[in-house]
Structures are given as structure tokens and as C-alpha cells.
Amino acid sequence: MTQHIEFQNAKAEVFSFTEAGGVKEYHVILHVTDCTIPFQQQLDAILDAYQSVITNTLPGAVTVFKRYFLSDSANQADDVAAADTSDCAKSIIQQAPLDGTKIGLWAYLMTDVETRLLPSELYEARHGAYRHLWNGSAHNLAANSEYQMRLLFNEYVMQLLQEGCTLADNCIRTWLFVNDVDLNYGGVVRARNQVFFTQGLTNSTHFIASTGIGGRQQDPNVLTQMDNYAIAGIKPEQIRYLYAPTHLNRTSDYGVSFERGTRVDYGDRCHVIISGTASINNKGQVAYPKDIIQQTHRMWENVEALLSEAECTFDDVAHIIVYLRDNSDYAVVSKLFQERFADKPYIIVQASVCRPNWLIEMECMAVKKTVNAGFEPL
């Protein structure tokens with residue numbers, strides 16, 4: 001179920017999952033509605049709307065992860081960090097909302113969880129058998145994108161180790177933001193491939209659901225930023241990887257190492273995490289070059305095939321993030337998404353996809369009620 005709530009200079013799209021009993025889950029995307037007001041007023045409008053949602057619409061829910069989408073991180077990130085003192089994992093990235101505003105926000109909330117910042121600096125949301133471990137805005141200032149990415153993954157491996165976890169067994173999702181993706185993505189890929197090999201992640205085992213996308217941090221010397229999500233207490237048989245071979249090929253076929261999607265089963269529900277997905281065919285080729293409309297439809301078809309493999313549909317999707325390479329495609333893509341997904345929380349931002357010929361990419365998460373007697377509920 002999705003609610004649409006209007007505020008002064010802002011609006012919220014709130015997806016609620018309350019069907020299974022126990023933990024309730026919410027995905028909230030907040031937009032500014034007046035693109036003419038200064039940044040500080042836009043930030044205030046977002047924060048006021050967020051506060052109203054958690055106080056009046058979702059009482060008892062705890063935010064475990066936030067991502068701010070900014071139009072100019074060099075001039076805005078400090079203000080966001082100073083204004084938002086809430087206790088959760090936070091990601092701040094320059095990926096301009098393409099509706100002409102300066103800031104957008106995605107927040108993920110849960111009920112009945114105990115939260116804390118761990119000594120490892122991962123943020124924990126704990127309930128029952130599971131500890132959900134979130135991290136946002138990890139970065140460093142090594143010499144190039146390859147070294148930066150390698151250090152980020154090595155540090156994350158050590159953080160997981162402190163929590164009794166490993167990259168292979170517990171990490172469910174990563175986001176890799178690359179400053180000037182056309183130039184620096186190659187280094188990110190090399191570093192990820194090398195680290196994954198040392199951690200026992202290969203084409204014959206599995207990789208990790210991921211989005212590798214253009215995005216700029218506040219400091220222009222930061223060439224890569226990483227957000228990540230892991231689950232302590234999860235068992236291997238609760239995790240299933242999605243391939244949709246009729247529509248998509250294995251990513252290792254063209255030298256990268258991530259899973260197209262992942263289904264995580266709990267006793268009372270499943271989560272389906274769809275990686276950044278573009279207009280690609282099952283031979284790894286770009287489908288419909290230079291045609292934004294056809295690429296959008298093929299992207300939807302690919303995502304739908306992955307969801308179907310996980311026994312889900314777009315009806316189960318909780319939120320969508322859409323990345324556009326060319327700002328001028330926004331009017332066309334916005335119309336297409338409004339026609340098909342008006343009842344879903346989504347945001348369209350500017351971010352170059354990892355291949356220049358891909359004009360659009362999307363990611364999403366779905367949640368569906370299930371009964372798995374052998375697993376603990378979420």
C-alpha cells in the first residue's frame with residue numbers, strides 16, 4: 001500500500017508492508033514541490049515533511065537507512081549533515097533529482113527493532129535472530145579509483161569480521177558511486193574483482209547484488225563512495241540469486257562481478273533486491289542504442305523477469321530509483337513512469353550508467369508475504 005501525502009513545499013510517497021504481522025516495513029521517498037525556493041528552504045521542507053511522516057504517519061517506526069540525493073554536493077552536503085542529526089545509517093551523494101529540485105530523500109524504516117551504532121561503525125537494526133547491518137557514505141582519498149575501491153572493500157571485510165560476518169556469507173547489497181563513471185569505473189571493477197576473488201566470491205559460487213553508477217561526493221578527490229547492507233544471522237539456504245537467463249546474461253561474461261538480483265527468505269516474508277538494471281539482452285549487448293523509450297521498456301522487461309524468477313511482480317515493489325544519463329530525457333521518462341508506476345514511491349535522478357550506450361537504469365526492492373516454516377521471521 002502506498003500513501004501520497006502533501007506538505008508545504010514537499011510531498012511524501014510512503015510504501016507500507018504490514019501484512020505479515022511482527023515487524024512492519026516502510027519505504028519513504030520525499031520530494032520538494034517548489035523548485036524555485038533556495039536550497040536551505042528545500043532542505044527544511046524535506047526535513048519537516050520527514051519529521052511529520054515519522055511522527056504522525058508512521059509512529060513507532062525507526063529509520064535504519066537514509067539516502068539524500070543532491071544537485072550540488074560540494075555546496076550542500078555540509079548543510080545536510082549538520083541539519084540531519086538522526087540516529088541511522090546515512091548516505092549523501094550528488095545525483096540531482098531531475099524534477100528541477102535540489103534535494104530528494106529515500107528512507108527505509110522498520111518497527112520493533114533495536115538500533116545502535118556498533119564499534120565497527122556499522123549501524124545495526126536488531127530483531128529476533130537477525131542483525132541488519134547498514135553503512136553509508138564510506139570513502140577514502142587513495143590515489144585512484146582502483147585503490148580507493150580496494151581499500152573500501154578491505155575495510156568493509158574487516159568491519160564484517162568484527163561482527164562475526166563475512167562478505168561472502170552475509171553481505172546482501174552494495175552501492176558503488178563513481179565520480180566520472182566513464183573514466184573511473186574500470187578501476188572500480190578491477191578492485192572489486194580482485195577483492196571478491198580473495199573472499200571466495202567467483203562465478204562458480206556467487207557475487208553480491210549491486211548498483212555501480214555515477215555519483216559525486218562532496219570532495220572531488222573522492223572517486224568512489226560505497227554504501228552496503230549485510231545480515232548477521234542469515235543462513236545460506238535463505239538466500240537465492242536471480243539470473244533471468246531468457247533476458248540477461250551473467251555479469252561475469254563481460255568482466256564484472258555482481259548478481260542481477262537476490263531473494264532473501266524469512267519465515268514470514270521475502271525481500272527481493274534488484275540490482276541496477278539497464279536495457280541489456282542475454283548476450284550482454286546494449287538493446288536499443290540511442291532510443292530512450294525502447295530502452296525504458298526493455299529495462300522494465302528485464303526487471304520484471306528477475307522479479308518473476310523470485311515469484312514476485314511489480315505489485316510487490318516497495319520503491320524504485322531511476323538513473324538517467326541525459327537530463328533531457330527526463331520529460332519522456334517521467335511520463336512513462338507516471339503512467340505505469342503512479343502508485344509506487346520512485347525518484348528519477350541524474351547519474352551516468354556504467355556503459356555510455358545505456359541511457360537509463362533502475363533498481364528496486366520488493367517485499368512479499370510468504371510462509372517459510374524452517375526460517376525465523378524478520
Side-chain angles (χ1 to χ4, degrees), residues 15 23-30 43 46-47 50-51 53-54 58 61-70 73 76-95 103-127 130-140 152-153 155-165 167 170-177 208-211 213 215 217-218 222 224-234 262 264 271 273 318-319 321 345 347 349 363 365 367 378:
F15 171 90
V23 172
K24 299 177 176 63
E25 300 180 69
Y26 307 97
H27 290 259
V28 181
I29 292 187
L30 290 138
L43 174 59
I46 286 281
L47 294 178
Y50 167 77
Q51 190 61 46
V53 167
I54 63 173
L58 308 177
V62 176
T63 304
V64 297
F65 183 75
K66 289 180 180 175
R67 179 171 299 137
Y68 285 95
F69 305 92
L70 302 181
S73 59
Q76 298 163 351
D78 280 345
D79 291 336
V80 172
D84 186 342
T85 58
S86 59
D87 181 23
C88 69
K90 297 188 192 79
S91 173
I92 301 172
I93 195 70
Q94 180 173 314
Q95 290 181 329
I103 183 171
L105 173 63
W106 162 44
Y108 175 48
L109 302 91
M110 306 171 75
T111 64
D112 303 302
V113 291
E114 298 177 4
T115 61
R116 61 174 176 148
L117 181 65
L118 298 166
S120 63
E121 298 188 347
L122 300 179
Y123 184 83
E124 176 189 82
R126 183 173 195 150
H127 179 269
Y130 308 108
R131 299 163 56 222
H132 303 272
L133 306 174
W134 290 88
N135 193 30
S137 295
H139 63 277
N140 60 64
L152 284 172
F153 268 115
E155 180 183 15
Y156 184 45
V157 167
M158 297 305 296
Q159 289 175 307
L160 289 172
L161 187 63
Q162 289 182 62
E163 303 306 327
C165 298
L167 194 67
N170 302 97
C171 184
I172 302 297
R173 181 73 160 94
T174 65
W175 291 265
L176 311 178
F177 301 106
I208 297 167
S210 186
T211 298
I213 199 76
Q217 219 256 2
Q218 180 180 19
V222 174
T224 62
Q225 174 175 304
M226 181 163 71
D227 301 344
N228 43 59
Y229 168 53
I231 309 170
I234 203 77
T262 304
V264 182
H271 286 168
I273 295 163
H319 82 276
I321 301 173
I347 186 168
V349 298
E363 64 177 69
M365 176 177 173
V367 55
L378 181 68

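Just so you know, these numbers come straight off a predicted model, no measurement behind them.
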So CE of M226 and CG of L152: to nearest 0.5 Å the spacing works out to 5.0 Å
Stepwise side-chain contact (heavy atoms from CB on, under 4.5 Å) check, L47 with L30:
CA-CA 9 Å; L47 294 178; L30 290 138; over 6 Å; no
When every non-hydrogen atom of L133 is compared with those of C165, the smallest separation belongs to CD1-SG, 4.1 Å
Is a side-chain donor or acceptor of N170 paired with a backbone partner of I231 at a separation under 3.5 angstrom?
yes
Are any non-hydrogen side-chain atoms of D87 and V62 less than 4.5 angstrom apart?
no
Pairwise distance CG(N140) to CD(Q225) - rounded to 0.5 angstrom:
11.0 Å
Verdict with reasoning, Y156 to T174, per side-chain hydrogen bond (donor to acceptor under 3.5 Å, both in side chains):
CA-CA 11 Å; Y156 184 45; T174 65; over 6 Å; no
Least distance between heavy atoms, I93 atom then Q217 atom:
CD1-N, 4.2 Å
Using side-chain contact (heavy atoms from CB on, under 4.5 Å) as the criterion, point out the one residue from L378, V64, V113, T115 that pairs with H132.
L378
Backbone N or O of S73 within a donor-acceptor pair of the Q94 side chain at under 3.5 Å?
yes
Quick one: closest heavy-atom pair of A107 and Y50, and the distance?
CB-CE1, 4.3 Å
Spacing of R67 atom CZ and D227 atom CG [to the nearest 0.5 Å]
4.5 Å
Minimal heavy-atom distance between Q159 and S120, with the atoms involved, is NE2-O, 2.9 Å
Run the side-chain contact (heavy atoms from CB on, under 4.5 Å) test against D112 and tell me which residues pass, sequence neighbours left out.
V23, H127
Answer yes if the ring centres of F69 and W106 are under 6.0 angstrom apart, and no otherwise.
no
Calculate, to the nearest 0.5 Å, the distance between atoms CG and OG belonging to L105 and S91 respectively.
10.5 Å
Taking the side chain as C-beta and beyond, is there a heavy-atom pair between L109 and T63 under 4.5 Å?
yes
Quick check: do L176 and T224 have side-chain heavy atoms less than 4.5 Å from each other?
no
Taking the side chain as every heavy atom from C-beta outward, state whether T211 and I321 have any atom pair closer than 4.5 Å.
no
Take atom CD in Q162; do more than 12 heavy atoms of anything else shown fall under 6.0 Å from it?
yes
For salt bridge (charged side-chain N to carboxylate O under 4.0 Å, His left out), just list the numbers for E124 and R116, CA-CA rounded to whole Å, side-chain angles, deciding distance to a tenth of an Å, and then say yes or no.
CA-CA 5 Å; E124 176 189 82; R116 61 174 176 148; 3.0 Å; yes
Would you say W175 and I213 make side-chain contact, with heavy atoms under 4.5 Å?
no
Side chains of Y68 and D84, donor plus acceptor under 3.5 Å:
yes
Where does the angle between the aromatic ring planes of H271 and Y108 fall among parallel (under 30°), tilted (30 to 60°) and perpendicular (over 60°)?
perpendicular
In the structure I gave you, are the side-chain heavy atoms of M158 and L161 within less than 4.5 Å of one another anywhere?
yes
Does any part of the side chain of R131, heavy atoms only, come nearer than 4.5 Å to the side chain of L118, both counted from C-beta?
yes
Look up atom NE2 in H139 and atom CD in Q218, then write down how far apart they are to the nearest 0.5 Å.
8.5 Å
Interatomic distance, I92 atom CD1 to D79 atom CG [nearest 0.5 angstrom]
10.0 Å
Would you say that M365 contacts R173 through its side chain, given a criterion of any heavy-atom pair below 4.5 Å between the two side chains?
no
Begin from the C-alpha positions of Y26 and V53 and carry the test side-chain contact (heavy atoms from CB on, under 4.5 Å) through to its verdict.
CA-CA 11 Å; Y26 307 97; V53 167; over 6 Å; no
Over all atoms of both residues, closest heavy-atom pair of A83 and L43:
CB-CD2, 4.0 Å
Where is the tightest heavy-atom contact between Y130 and G233, given as atom of each residue plus distance?
CE2-O, 3.7 Å
